[in-house]
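By convention in this document, chain letters (A, B, ...) are assigned in the order of the sequence lines, proteins followed by strands, and residues within each chain are numbered from 1. As the structure is a computational prediction, the values presented were derived from the model and not from experiment. Atoms considered below: every heavy atom in the structure, side chains included; atoms not considered: hydrogens, waters and symmetry mates.
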Amino acid sequence: MAEYEQHDHDHIEHDHMTIPKYIGIFLVLVVGTILTYFAATVDLDFIFPGANTLVALLIAFTKMTCVMLFFMHVYWSPRMIWLSAVASFFWLAIMFSYTMQDYLTRDPGVFSP
Amino acid sequence: MSSHSETGKFHYHEPGLQHQFEDMGQQEESVSIGMWMFLVQEIMFFGGLFTAYLVFRSKYPMAFAAGSNHLDAFWGGLNTLVLIVSSLTMALTVYYAQKSNRNMQVIMILLTMAFGATFLGVKTIEYRDKFNHGLVPVQGWNKRIKAETNAEHETKPCWEVDHNAPAIEHPNPRGEFQWTDCSLVKKAQDEGYLTNAEKIGYFSNGEIDANKFRDKVRIFYYLYFVMTGLHALHMIVGLALMTWLLIVAWRGSFSEDYYMPVEMSGLYWHFVDIVWIFLFPLLYLLGRHFMHGG
Amino acid sequence: MQDAITAEYSGPPKLNYLNNGFTLKSWLLTKDHKRIAIMYLITVSLFFMAGGLYASAIRLELLTPASDLLQTGTYNKVFTQHGILMIFFFLIPSIPAVLGNFILPIMIGAKDLALPRINLLSLYIYWVGGAFTVWALLQGGVDTGWTFYTPYSTTFSNTYVMAVGLGIFINGFSSILTGLNFIVTVHTMRAPGMTWFRLPLFVWAQYATSLVMILGTPVIAITVLLLAIERFARVGIFDPTIGGDPILFQHMFWFYSHPAVYIMILPGMGVISELISNFSRKKIFGYEFIAFSSIAIAVFGFLVWGHHMFVSGQSVYAGLVFSFLTMVVAVPSAIKMFNWTATMYKGSISYDTPMLYGIGFMGLFLIGGLTGLFLGAIGLTVHLTDTYFVVAHFHYVMVGGQVIAYLGGIHYWWPKMTGKMYSEFWGKISAMLVFVGFNLTFFPQFILGYMGMPRRYSYPPEFQVLNIFSTAGASVLGVGLILPLIYLTQSLISGKAAGDNPWMLPGLEWRTSSPPPTENFDVMPVVTWEAYEFGEESGLDLEGARANESVRTV
């Protein structure tokens, strides 16, 4: 009959995280913060211009993923929650990329030296 | 949920179950999806600001770097750590609620609130600092400093102002946004990586124009204040939520069987933390690497 | 279930959502989605009338090329306020908040929306936002156009931009909360047996609309907030003279406001899917295609906003991309049109009032949609931008599409909402008047626009003849729109009882009493039939009931 798989669990499962695991994730976040700071002080422009920002964003994404998966329990959540998390970033990407496709093509070479 | 499908009759309601639901599972599922949908709209809400940030930063990277270097990365970094700790205590609140441990819940909520308040306190220190140094982008909202009649003012070109020196108080009788240092423009000009928008946006008649550069830095500070301001507003809402949670947890209402309010407030709190995780590098650290030998 | 349709109920009047409490408090603090929908219906109608008054003022002024009835400044305010009231306070909330609120939980067999208190909150936010806006309009109004383009709105206009902007900001959260509620409800509140592919297409359309509301509305909120801050702080993010970028405002504004067009039209398409299938008494053709085309419109609708900015300084490359995607977004709408047509083919069509609106929608939306393609073509649009061609195009979509679908839906579900039947005669008359009046009003505007009549200001005298046609049509349209107000109100007082299933349809909403009880169903329904099932599989003897009905009426 109907799809009831989404209702099957009476309570969202909650026995996956233990205090040591929470502390572990927390330490990852602290290390990430410190890493962000020191990565920002090193001039990475010799790789390509804007490399610093890319590194900073990569670390931020990692930290965000940790918070979402483990602190917000997305890892053990139904598919709908995964989907809404992914969808919101997809729509952000639409907003960023479609706005920038205008700005970046208006006068060529905005990002080039 | 499948239990009622055989009988086709409405069920006896458990206490705490709202009238429109059949069982607690359905209620928890609904509340959880609802909260996530709310977070999706929050992400898009901040997304608009990040779009503005992206557009202006790609147009005026040097103005953004200069403005960013004037923010205090120490306070910003400290606040990041404070928020991460508060996220941990929030996660532990949910953990103890699931374990029906009332005392630890109350302690963890109090800790979360303390760290949240610390964050706002640090933010206040930073905002006051900006106010004192004429960095609030609204005319009249800065500290008014009368011009001293016999004081000597610097007449150096703006790109020779040493941005590593402690900020000098300039006369600011009308409380305007002030910016004197355009050394980064000079540096970018010498090393040849000004963007096309910058070549128009910072120069008048081929010379660096301090006023035009100031306008671009002001856009950075505007975004800084709107983004951190809205974030702080979310923190205040979060603290209000925590106060309510504290009262309910104090009464010992949350247990293994009923902890959705804690879990949902936790989602909100973590979301606010995530926003800051992005704001910190994008606002405080983006021009740090230009500070070497600048 | 079998006899739900034929059983005669005698005895004291059944307890339903309307006679279950008469105090003001029982309305204002209700958590019942049906009562909230009724309160929305009343408010939305008031805003529609206010917007209609502004429209009449515009049409009267345009009767002559000289500015005689309204001075230039007043005229700017009048068309701005017409747009703001109609778009933000009528078109966006009308179908979701009135029809969706009322009928969606019943259609899926739920007792209420999943979050009834949030639903009530959304109504209050709508009232607060509306009151704020009306107050600002009474104080002196705005003259920026409903689009609030910068830098005029931030730097030059000295009207109440901030106040109206904040009204719209507040109102946005009402629409977000409604969308949020619908998504949760569709996910968790479906009755046993109501699978995703048994959902009526109206529910699919509402679901897609809700996605757009949640993903788009926050962006207009932040845009309007930035606009308001810019206005008092003069920071210059939208002011080109000090390094700002007015095009950024347009990007952010249209990121919401183009998808908002789909917030307006998608629920209308949902209503039409119901009407076409049910009044053709035939299972809808291509159910999955219509369902997924709603979702496709919701997604692709976010990729085309740049077609509002072809001539405002956007790069040529971006224009090309947006133009191409505009053509793509027409495909799912076309899929719907073809499927509706195929549904009607060899159907047993009955020309009741709702169906007249349904057929009217198909014609008018076809014209509105196709002229949208003209405007999306990057070359032709240079000629047509800011002419009456644009005005005609979006009125064909908004009035010819959304308003007509809304009226069709109101007539279709009126017996369920009130338990009373309106006068079918006057209903048909008014549907005809609306159709004729609408075409007479807006078709001349296509010609005018193509010939070059500009939008938003006066026109040269040689365009006057067609403008007179248009104003004449507007008065016919006005009569057509006032009539339902009269005969629907009259039906409340002296209309004959409608019965639970006046149209002899299989949908879940027709299997409960009219008006429905507070918790919608006396017994939790178990769905064993597909959507739009008219045969024996529906579990009802619809043909038999229909035969009896015809014997009775003849």
Answer with side chain, backbone, both or neither: which region of [X] has an atom nearer than 4.5 Å to a non-hydrogen atom of chain C?
X: B:W36; result: neither
X: B:F46; result: neither
X: B:I43; result: neither

Out of [options], which one racks up the most heavy-atom pairs below 4.5 Å with chain B?
options: C:I183, C:D245, C:T223; value: C:D245
options: C:L115, C:I214, C:V219; value: C:I214
options: C:G216, C:P116, C:A233, C:P218; value: C:P218
options: C:N520, C:T217, C:I242; value: C:I242

Under 3.5 Å donor-acceptor, [X] side chain and [Y] backbone:
X: C:H258; Y: C:G301; answer: no
X: C:S122; Y: C:I118; answer: no
X: B:N205; Y: B:E207; answer: no
X: B:K216; Y: B:K212; answer: yes

Other residues, nucleotides, ligands: >12 heavy atoms within 6.0 Å of C:F300 CZ:
no
Under 6.0 Å from the OH atom of C:Y317, do we count more than 12 heavy atoms belonging to anything else shown?
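Counting neighbours around OH of C:Y317, 12 or fewer heavy atoms of other residues, nucleotides or ligands fall under 6.0 Å, so no.
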Side-chain ion pair, B:R218 and B:D215, N-O less than 4.0 Å:
yes
With a 4.5 angstrom heavy-atom cut-off, which part of [X] approaches chain B: side chain, backbone, both or neither?
X: C:A110; result: neither
X: C:P105; result: neither
X: C:I176; result: side chain
X: C:I237; result: both
X: C:F173; result: side chain
X: C:F249; result: neither
X: C:L215; result: both

Once you measure the plane-to-plane angle for B:F64 and B:F220, does it fall in the parallel (<30°), tilted (30-60°) or perpendicular (>60°) bin?
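Ring orientation, 0 to 90° scale: perpendicular.
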Geometric class of the C:H251/C:F322 ring pair [parallel <30°, tilted 30-60°, perpendicular >60°]:
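The arrangement is tilted - the two ring planes meet at 30° to 60°.
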Flag the pair B:H70 / B:H133 as yes when at least one side-chain heavy-atom distance between them is below 4.5 Å, and no otherwise.
no
When only pairs under 4.5 Å are counted, which of B:V31, B:L49, B:V40 shares the most heavy-atom pairs with chain C?
B:L49
